[in-house]
Amino acid sequence: DAKTTQPPSMDCAEGRAANLPCNHSTISGNEYVYWYRQIHSQGPQYIIHGLKNNETNEMASLIITEDRKSSTLILPHATLRDTAVYYCIVRPRVETSGSRLTFGEGTQLTVNP
Amino acid sequence: SQTIHQWPATLVQPVGSPLSLECTVEGTSNPNLYWYRQAAGRGLQLLFYSVGIGQISSEVPQNLSASRPQDRQFILSSKKLLLSDSGFYLCAWSGSRWSYEQYFGPGTRLTVT
């Protein structure tokens with residue numbers, strides 16, 4: 001599995017866009033980029049995933065560089081409730097039994113009023 | 001829409017006592033089900049996964065066991081708890097196609113004293 005690198009922490013002002021970077025320079029052709037977040041004392045929450053095209057859903061946008069070696073998760077209008085640890089993981093999008101999620105250290109995003 | 005329930009939310013148990021944590025999923029059929037544990041300040045550890053009724057795979061040998069008596073019910077058990085069993089236990093489900101898109105329950109915080 002490709003290794004990912006994220007900054008340990010970031011701050012963002014409420015109402016502004018939060019841009020969370022992730023480096024995955026060893027990503028292979030069949031691997032997707034997934035983003036999860038975990039608010040303190042809650043279970044992780046799936047946010048979005050993508051292969052090479054930019055993706056957008058009701059929660060966030062995912063921008064993947066053309067060489068796929070890095071990506072950015074964008075929360076367009078961050079709120080205080082977006083304060084959480086954000087995890088970027090790279091996995092093949094293949095149906096296999098026992099598809100375990102393993103999170104690294106992630107990025108602690110703090111949204112300030 | 002799909003929802004996942006876990007109970008209890010918190011639990012304090014003495015060493016050597018039994019454990020039973022329950023997880024149920026609504027709004028989907030034949031989900032893949034997962035039990036994870038998250039120790040304080042650490043990442044997720046997959047404990048068990050199940051792709052169908054009565055089908056359990058164990059990831060980490062330990063004094064825990066899991067059962068899936070019904071399609072949308074997943075139970076985590078122990079006959080005798082150890083201090084090292086303390087942690088945040090999370091149940092998750094995924095659909096039949098994209099296993100890395102997993103949805104987590106609220107978790108059970110277990111403290112073994």
Do B:Ile53 and B:Val25 belong together in a cluster built from hydrophobic side chains that touch within less than 4.5 Å?
no
Does the side chain of A:Pro44 come within less than 4.5 Å of B:Gln102's, by heavy atoms?
no
Same cluster or not: are B:Trp35 and B:Ile75 linked, directly or through other Ile, Leu, Val, Met, Phe, Trp or Tyr residues, by side-chain heavy atoms under 4.5 angstrom apart?
no
Do you reckon B:Leu64 sits in the same ILVMFWY cluster as B:Val12, going by side-chain contacts under 4.5 Å, direct or chained?
no
At what distance, to the nearest 0.5 angstrom, does CD of B:Glu101 lie from CD1 of A:Ile48?
10.0 Å
Is there a continuous path of hydrophobic side-chain contacts, each under 4.5 Å between heavy atoms, that joins A:Val33 to A:Ile63?
no
Hey, what do you get for OH (A:Tyr36) to CG (B:Leu44), rounding to the nearest 0.5 Å?
10.0 Å
Between B:Phe88 and A:Gln42, which heavy-atom pair has the shortest distance, and what is it?
CE2-O, 3.6 Å
